[in-house]
Structures are given as C-alpha cells and as structure tokens.
Amino acid sequence: MSEKRKPYPFDLFEPKWQSHWAENKTYRTPGPGDEGFDATKPKYYILDMFPYPSGAGLHVGHPEGYTATDIVGRYKRMNGFNVLHPMGWDAFGLPAEQYAIKTGTHPRITTEANTNNFRRQLQELGFGYDWDREINTTDPKYVRWTQWIFLQLYNSYFCDEDQKAKPVSELEAKGWTQQQIDEVRLAFIHEAPVNWSPSMGTVLANEEVQEWKDKGETVVRRPLRQWMLRITKYAQRLIDELEPLDWPESIKALQRNWIGRSEGAEVIFDVEGHDITVFTTRPDTLFGATYMVLAPEHPLVPEITTTDQKEVVETYVAACASKSDMERGLDKEKTGVATGASAINPVNGEKIPVWIADYVMMGYGSGAIMAVPAHDSRDFEFAIEFGLPIKAVVFPDHKWLKENGGHLEVEVIEDGTNRELTWTFPELVVQAEREESFQKQASAFYQDQVSNFATAYPDHGTAINSGFLEGLKTKDAKKKIIHWLGENGKGEKKIQFKLRDWLFSRQRYWGEPFPLLWDKETGQHSGVPESELPLLQPEMEDFKPTGDPRGPLINCTDWINYSDKLQRETNTMPQWAGSCWYYLRYCDPNNTEHFISPDTESYWGNDEGFVDFYVGGKEHAVLHLLYSRFWHKVLNDLGHLKSKEPFKKYFAPGLIMGEMEFAIFETQSGEIVSYKDLEEQDSRTFVMKRTGEALIKKVVGPEEVEKKGENFVLISDPSIRVRSKAEKMSKSLGNVVNPDDVVERYGADSLRLYEMFMGPLDQDKPWAMKGVEGVHRFLAKVWRLAFSEDADGGWISSGKIVAGENADLAKTTHQTIKRVEEAINSLRFNTGISAMMECSNAYTSAGEIPRDLFLTFLKLLSPFAPHLAEEINAALGGTELVSEQTWPELDESLLVESEIQLIVQVNGKLRARIMVPADISKEDAEAQALADENVTTHTDGKTVRKVIVVPGKLVNIVAN
RNA sequence: GCCGGCGUGGCGGAAUUGGUAGACGCGCGCGAUUCAAAAUCGCGUUUCUUCGGAAGUAUGGGUUCGAUUCCCAUCGCCGGUACCA
C-alpha cells in the first residue's frame, strides 16, 4: 500500500515524546514523604473516573473527559501547582467472569491483558498521568484495604442522636447483646425479596437491574438472605451535604430525586384490633380517606383477612409474588381484592374497607396507605375501578377555578356507567375573589352534591368536609392535623425517603470476598482479624453459577472451612466496593500501614470535598457518586478522614454519539431534493412533501453515496443528512469509532484537539471525521510555520520564525493568552481552540513570526497538543520541555487599544461603525455619531429624542 | 405524570454583567498553483431583495433606547424517574 504522506510527521514524533515522558517520569508527582516533594507549592487533585478495562478497549468517549482533565492538569502544573493526576483500573466486574465461564481463562489473565491494552492506548494519547500511582482494584494490596473499610462498616452503627456512625464497641460497653448489635450494624444481614438473576447466578442491586436486563440477562424477584449496607441512615445528610458542592445542578437534582425525600405524616389506623401505620404526604386529607390499601406482602394481611375473602386474597397475593417490581410497574391497570376487614379512621371514627392491591409497594413507607380518591390520581382510578366512595375534602384554589372558567367538571357513577356532568358556580368564584371565608359556602355546596371528581384534584386548596380542619389552607391543615395526631397518639410527622438500603453481596467469584466468618453452631457472624487481610479468593477452575444462592465459592471446601468451628462467608462484594474509595488510595498507593496516611490525606485533600476536580460520566450520578459519598461519610464519622465529601467539584462530559450520514436525492424526473423535502413514511419509503412522489429509502454509508438507487440517484453532498439523528455508538449500529484508528490516521494530538473542539464539554455531540481533519489541518499549519518541505520531502526549518518584534502579532498573541486562559478556567475548550486557530491564521498571514511570540504560542498549545508543542519547541532550540515551563504571563498593556470602533445605531439598528480614540468623551462620541453620513440619512426629517452612549461600545440614537 | 436540560446558517457551534448575531471549524462555490490530481494558498458563503434595503436566534406576548441573553405563555426535542402514597 502506498502510504499517503502525512501533512506533518506526528507518526514519528508522537511516540518519541511519549517514550521520553515515560522514561524521564515527566509527570511523576511526589507527595509528602516522597523524594523531590515540594511542600511550598499549592496542590491540585484532578481525577478521572477510572475505567473498567473491557476487552473492547478504549472508546472515543473515554478520551473526552481524560483530555479535559489532562488540559486542566497541565495548565495547573504550568501555573506552579503540584498536580495529582492519576489513573487506575476498576478491574473487578462481571464481563471478565462471564468470559472465564465461557472460555476457562482465569479472570486475572483476561483482566491483565485488558489493562495492558488500556494503558497502552492511554499512553498513546499522551496523557500526563503519574503512572507510579497506578492502582488496580483487584490487586491484593488494594483488596486488603477495601476489605478493611468493609470491616469498619461492619463494626459500626449509626447513632441517630448525633447523626453519625460510631463503633459498635460503644454499644458492647453499654451491655448490648450480640443480637441487638447485629440489628444496627451498618453492614447487616437481611432477608428480603431481591433481584435474583438465574442467568448470571447472582443478585443485583435495584439500580443495576435494568442495565443487565438490557444486556439480555434474566432477573426475577426472590427472597434471599443478603448483606446490606445501611445507606438509608445517611439519606438526610446525603441531601444536605450535597448542597455546598460545586456540582452541576442537574446532577444534584438527579441525586436528590433518587434519595427522594418526602415530608408527611404517619397515621395509625385500627384494623380489627391491629395498629396499622400508613404514611401520607397529605395528612390534611385524612377526612377524605374512604378505604385503606395494604401491599400484598404486608405481614398483617393473613391475620386480618376474613374467612370469606381468604381464598381470593391468597390467590391474589400468590399472583403478585411471581411478578417483579418492574412488571408490576408496567401493568398500569389497577387490580386488587378486599380483605373483608375494615379500618377505623382515627379522625372521625368512620369504618372504611381494607383492600390489598399491587399499586402499593411493601418497600416504601409502611406498605400501607390510606386512600383518598378525590385527591390522589391512583386512588381515584382504583376507586372508579371497584366502585369505592370518593369524598372531596379539598376545594380547588381560585386560580384553578378561574382557569377553568368557573366550571368544575365532575363525574358521577351510576349503575356502573359513567356519566359526565358539569356544574357551574360563578357565584362561588365571585365570592372567592371577594371574601376570604368563602369556604363555608363551598363546603355547603359540595356536601350534598359532589361525590366524584372527573379526575382527582391533587393540588393544594382549602379544606372542606373536614371537621375541625374546615376552611384551612392545605399547609395549615397539615400542621393542625399533625398536631392533632400527636396529641391523640394516632400518628406523627414523618420524613420518608425513596432510597433503599444497599444490597451489597454478590454470588460471584471475581470480587472481594467478605472478610467474615460464621459460627457453625450458633450461626453468629464475626469479622476476620485485620491481620489476615487481604482475604483472597481461592484458585478455582470452574466459575459456573451453581444455582446455589451462596455463590460459586461454596464449592471450595478447603477455603470455606476456616476452622472446626468457623466457616467463611462465601458471598463477594459488588464492583462498586473498589470504586467507592479509589480516589483516596492514589494519594498513598503503596502504604502498607494505612489505607491513606494522615499526612498525604492532609496535603492532597480539601475539607469541603476531598478531590479538587472530578470528571466522569453522568451515568454514575446516582450509583458510584452516591455510594462514594456514603463510604466517605462513614470513614469521616469514624475519624479516618477529615473531609465530609469525596468530590468538591464534579463535571460530567456529554456523550459522543455516532457519526451522521448524508446524501441528497435526485428523483426519476431529475429533480434534486434534500432529506428535508422528504417525509419518512416507514423505514423504507419517503414521500416528497410537495408532490407526494414516493421514493424508496436507502440508507447510505459514505462510500455508497454515489451509487445509484432504484428510483433515485444519491449524490455526495454531505450537507443533507440521511442518518438525521445522532445515535449512541453501538456495535449493532456499526457506528463505533476506535481511537486507535484515529490516532493512526491523524495522530493523538488531533484526536485530543478534535474532542475538545467538538462543542461544549457537557453536551452530547455527534462524531464527525471531517471535523478531525479540520483540527488536523490546523496542527499541520502550526507545524508548517516552523518547518518547510525540502525537495526530497524532508522537513527543514521554514525560516519564518525570526528574531525581532511585531506589535500586531504581540497583541494577537496576548489576546490569545487571555482567551485560552478563560477557556480552560471555564472548561469551554472549544473557544480556546478557536482563539489559537485565529492566532495561527494571523501568524500565517504575517509570514514572519518573532520567536518569543511563537514560543509563547506553543506554551498555550501544549496542554491541548503536547506532542506537537514539544517537538517544535525542541526543534527551535528549546532545552526545557514545554510541559515543564511556566504558563505565559498576560501583558494587559498590549491589549489596550488607542483607537476603537464605535457602533452607531439609529432606533436600535446598526447604521454605522466609526473609529474614534479610545478615550473619547461621551459628548464627542455623540457628536461624531450624529454627524456620520450613514446616520444622517436615517435621522433626516426626524427629531432626535434621545442619545444613549455606552463608552467604548456604541451610540444609540432614538429619533422619530 | 413528575424532575432536569436544550431549541441560533446546509452542519458542529461562537456571541455569559442586555450593546456589531453567525467567531472558529466543517461543507460548498470561485480563483491561484499543477500536465493533471491531491495537498496548499486566496476570496466568498444566514435568508429574501426592485441592490436602496428588509427580515432573522422554536412560536406568541412583555420589559427596555436596545433582547439569542431577562420575564410570562405555548410548541418541540433530549436525559432521568415513575403506581414512591
């Protein structure tokens, strides 16, 4: 193959510099206690989410965030910071084990091969990582501390009074029994319905179910004894302490949403002699509770069910048990059966029927609700379905009534058929506007006539039909009823969270074994001595799921039998365990005494949040980022860490989508039409919007574009899309871009620069190979400023870099310093690259470039395209690496203009641009503007009413 | 449904205390160079236009001398989440 000549020899110098940096440990960052550590420098800890080293290798999505942090890291380094910028491997995980099951290759072997490939790929992109700090979650030296941290959790409980974790030894000292202590540990055994995957032979966290189902695995509900972590105790703190962090608001919202805090009340109902507690966010609607619903799994269901209903209830419960939460969610049709029991509404003594229905979940609140069909859409639907009474107790607010024109649509059910009625009550609306105390009339009006709304009215309003709450606004009614409940021992204020405890055990081989022992006689569990850590998996050849919910390790009899009396726990930890704390270990990766030493912790961490800047995908917004925060807080509570939060600042890069494809069409009649002129009928047929002429669609790849279709010709005009929507990159769509290919064709600098130039970092954006060529051309232009081609095709000095000065170029260069700095500081790298492009265009036009300015420019370029910057710098006689030089200082005086352009508007429309001295007075500016020819043509015959002068910017003349 | 985000040329996107809309790049057109092509360089490129201008940042209003930017409403797209009581 005749290799096309490269526009600049990146293929030669990029590997050269990579080796140079590696051999000289250019990016090594000494920490406290290390040789060469300079404690006087400020520090900056910038972190990428470490990858799972999959067999597929690096995806173009990886270098997006990694380049961003690399640029910021290099910039900080050049500004005198000790920059900690490490990389490592989140190397436990299911794919390696699934692969082992299939092929018999030990996961350790697969993992090592994959890690080596990832490391090579990252090094070929020129990232300035300190590879001496590389960590791997599967490394026994790392596993040791993951297990150690687990033991901290195991040996702690959450003190509600102080809202923090404390050692269980404090409880022992108080004389608590082992059993009592086990009930409060942060790591505890719990038997509950879990997501069991028969195809993988393991349980999954709620958060993981969808991901694996999408990958084709099966997941069912099944009760099992599992290790859980008591993250729910931290729910409030996880919300509160999120607030001051410098995270994108959207990510904070995602976490808050996930934790799902609701304020309300618990109300106790008497059901056939049993107290049943319900949680409600609307205790003010208690008078409107017309029935009660229990989750089918509610423990009291068998006890309260009447003999008449026993059979239907049992059938229904059994049917629900076979369905997963997911299936229940998908089934929107309301189902349920009556238990035959009734509950007594504590507020008015009314007897209401008790039903069971799968729209009530056992996992949230108490698994029981009071149903207020008039004001809750789900209860409403259920009541309609089963003909239960609906009683309105909240009168809609004024706004709602007004917006509905004084009409309130209601629906009455008679003989099982629905009939729509509309009642008007203009007099009520008028009254509502005039008087505060219209509620009485409303109440009187509704008492007899309104039994059913057309829909539930779930918003706030005024209490009606509500005894002592009558006439109160919802907010006040809530307060009053909560007070009443408390006084009467019928309930209290309650804050409820959606967050569930974290299911922490997995039935896998390739994970950290739990460092726990079980007493074979008593069944009591205990931790292994710390001195025995790390506790590694035994060597095994067969990892197949056995169907035994205790996991594959159960087959290793030698390993599980710790002693005559004690047996090992056979579960392993989920992949999250290692990633929960890895950011700490980078600070002190080889410490054998501590997971992180207090010295390194103090130096590299911040009190407000340990890591200065964390960058990684928002798909981890509610999993990894929440789990890490939880572990960090526990370690902080127990005195092992000073900071309360792991990540002070966090940023999530957008997704890189697949490339879009383009074509325009020529119809049989010879007309050229674009995709926009076409309407898609189905996946194969287009219709011309204008004429209705049908075309058969053919999705084309770039090479096919010029081939003829059946009914039309495709012409290569990339301006019109065929694959008009950006889609996620995926194997099945065949739109995956391999970074290795891009590096091969355009070089690492081009890939880095392109990913930063694509658009705002946090936005999803489609890949475009033409765009890579664009930045590649820019880099080639920079190269040709310094080098020319000789007759033999070799590169020689261009002679354009000269001694001397050039005021215009100095100004341009310093403007570029400013713009690049601003771009890096605000993470808007695309604008910084634009600035450098403009600067290099100015250099090209000038022909000759003063050496000092060009060297300055190289410094600006170096965080983005470090190889090219080093190569040119060295060629120009630079003895010091650009990476190790200091960032250029901005000379503001060069930016000052003596003459500026003023914009002159007449009635807000641009009419003239005039050059004036920069320090022109307002009066002079006004006079000059009014005198301008282009202005007078628009002001002639009009009276100038007003003139606005914005110094240095514009003059706006208002005339009519 | 609820929560969050986003709507600017043929395309990716600039314009962050309200002040020149379309920087930079892609694509496209024309020209230079070349036997020719590639590469490179130069010029042009929002739309309409009676060549004077006019319109224009999803749509409709509002505030302002002036709005892509602020406010209200509507429409559309994307992400998260969902019988969470």
Side-chain angles (χ1 to χ4, degrees), chain A residues 4-5 7 248-254 256-258 260 262 264 278-282 293 325 328-334 357-361 363-372 376-379 381-382 458 496-500 618-619 621-622 654-655 660 662 664 674-676 717-721 725-726 754 757-760 762-775 777-778 780-781 784 789 826 828 830-831 833-838 841 844-845 901-910 912-913 937 945-948 950 952-959:
Chain A
K4 206 171 83 180
R5 202 170 167 286
E249 211 28 65
S250 61
I251 302 289
K252 287 190 188 177
L254 234 46
R256 273 190 227 108
N257 215 321
W258 189 261
S262 302
V278 304
F279 171 72
T280 175
T281 53
R282 292 296 297 275
V293 188
D325 271 5
R328 275 164 70 160
L330 289 172
D331 219 355
K332 292 279 180 190
E333 296 275 296
K334 293 282 178 296
D358 66 0
Y359 82 92
V360 174
M361 303 286 143
Y364 182 77
S366 57
I369 62 158
M370 64 178 212
V372 186
D376 180 282
S377 57
R378 295 148 304 177
D379 296 344
E381 280 171 34
F382 192 81
Q496 185 65 47
F497 296 95
K498 278 197 263 188
L499 186 69
R500 319 260 171 113
K618 64 168 167 274
E619 67 272 19
V622 287
L655 232 50
M660 298 190 287
F662 309 97
I664 59 170
S674 77
Y675 185 80
K676 279 192 162 177
D717 174 351
S719 60
I720 317 290
R721 309 173 183 183
K725 261 191 181 173
Y754 171 63
F757 188 60
M758 288 173 88
D762 57 348
Q763 238 169 61
D764 295 348
K765 48 222 166 230
W767 184 267
M769 212 48 105
K770 284 285 184 189
V772 185
E773 285 178 25
V775 292
R777 268 203 282 273
F778 159 67
K781 269 189 216 178
R784 285 198 311 270
E789 215 173 343
S826 58
R828 283 155 46 217
N830 50 333
T831 62
I833 295 167
S834 293
M836 288 189 283
M837 285 173 169
E838 286 177 55
N841 288 344
T844 305
S845 307
Q901 181 184 256
L902 264 193
I903 299 308
V904 185
Q905 298 179 329
V906 178
N907 293 331
K909 290 199 170 142
L910 174 68
R913 300 154 208 257
T937 53
R945 302 287 172 193
K946 198 173 171 186
V947 178
I948 290 117
V950 182
K953 283 260 167 81
L954 61 70
V955 180
N956 189 14
I957 297 156
V958 186

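In the text below, chain A, chain B and the rest are named by the order of the sequence lines, each starting its count at 1.
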*Considering only the C1' atoms, how many Å lie between B/U16 and B/U57, rounded to the nearest integer?*
16 Å

_Between B/U69 and B/U63, how far apart are the two C1' atoms, rounded to whole Å?_
13 Å

*Starting from the 5' end of RNA chain B, give me the residue, A/N830 or A/R913, whose nearest nucleotide shows up first.*
A/N830

*Report which part of the nucleic acid A/N841 touches: base, sugar-phosphate, or nothing (heavy-atom distance under 4.0 Å, all strands).*
sugar-phosphate

Taking only N/O atoms, report every protein-nucleotides 2-7 of chain B pair under 3.5 Å with atom names and distance.
none

*asked:* Determine whether a donor-acceptor pair (one donor, one acceptor, N or O, separation below 3.5 Å) exists between the side chain of A/K770 and the base of B/C11.
replied: no

*Check side chain to side chain donor-acceptor pair (under 3.5 Å) between A/R945 and all other residues, then give those that pass, not counting sequence neighbours.*
A/N960

_Classify A/R784 by what it touches in the nucleic acid, base, sugar-phosphate, or nothing, heavy-atom distance under 4.0 Å._
sugar-phosphate

*Shortest side-chain distance from A/E838, nucleotide among B/A23, B/G25, B/A85*: B/A23

Anything under 3.5 Å between a protein N or O and an N or O of nucleotides 44-52 of chain B, put it in a table, one pair a line.
none

What N/O pairs connect the protein and nucleotides 63-68 of chain B at under 3.5 Å? Give each pair on its own line.
| residue | atom | partner | partner atom | Å |
| --- | --- | --- | --- | --- |
| B/C65 | O2' | A/N956 | ND2 | 3.4 |
| B/C65 | O2 | A/N956 | ND2 | 2.5 |

*Residues which pass salt bridge (Lys or Arg N to Asp or Glu O under 4.0 Å) with A/E838, listed by chain and number, not counting sequence neighbours*: A/R819

*Any residue meeting salt bridge (Lys or Arg N to Asp or Glu O under 4.0 Å) with A/R913, in chain and number order, not counting sequence neighbours*: none

*asked:* Suppose we screen for ring pair (Phe, Tyr, Trp, His ring centres under 6.0 Å). Which residues come up paired with A/F382, at least two apart in sequence or across chains?
replied: A/Y291, A/W355, A/Y359, A/F386

*Touch class at under 4.0 angstrom, heavy-atom based, for A/S262 against every strand present*: sugar-phosphate

_C1' gap between B/U49 and B/U74, integer Å_ = 33 Å

_Side chain of A/V360 only, heavy atoms from C-beta on: which candidate in B/A15, B/A85, B/C41 is closest?_
B/A85

*Could you tell me which residues satisfy side chain to side chain donor-acceptor pair (under 3.5 Å) with A/E773, sequence neighbours excluded, listed by chain and number?*
A/Y746

*P atom, B/A55 versus B/A37: distance in rounded Å?*
45 Å

_For the C1' atoms, the ones on B/G19 and on B/G12, what distance do you get once it is rounded to whole angstrom?_
27 Å

*For A/K618, which residues count as a side chain to side chain contact (heavy atoms under 4.5 Å, CB included) partner, sequence neighbours excluded?*
A/I251, A/Y650, A/A652, A/D764

*By side chain to side chain donor-acceptor pair (under 3.5 Å), which residues pair with A/K765, not counting sequence neighbours?*
A/E64

*Write down the distance separating the P atoms in B/A67 and B/U59, rounded off to the nearest Å.*
15 Å

*Looking only at side-chain N and O atoms, does A/R777 come under 4.0 Å of OP1 or OP2 in B/G27?*
yes

*If we take the P atom in both B/C11 and B/A58, what is their distance in whole Å?*
14 Å

_Shortest non-hydrogen contact from A/N830 toward A/P760_ = ND2-N, 3.8 Å

*So what's the dot-bracket for RNA chain B: Watson-Crick or G-U pairs under 3.5 Å, [ ] if a pair crosses, | if it pairs off-strand?*
(((((((..(((......[....)))((((((.......))))))(((....)))..(((((..]....))))))))))))....

_Checking A/N956 now: which residues fulfil side chain to side chain donor-acceptor pair (under 3.5 Å) with it, not counting sequence neighbours?_
none

_Expressed as a whole number of angstroms, how long is the span from A/F279:CZ to B/C83:P?_
17 Å

*Taking the same atom, P, in B/A15 and in B/C70, what whole-Å distance lies between them?*
14 Å

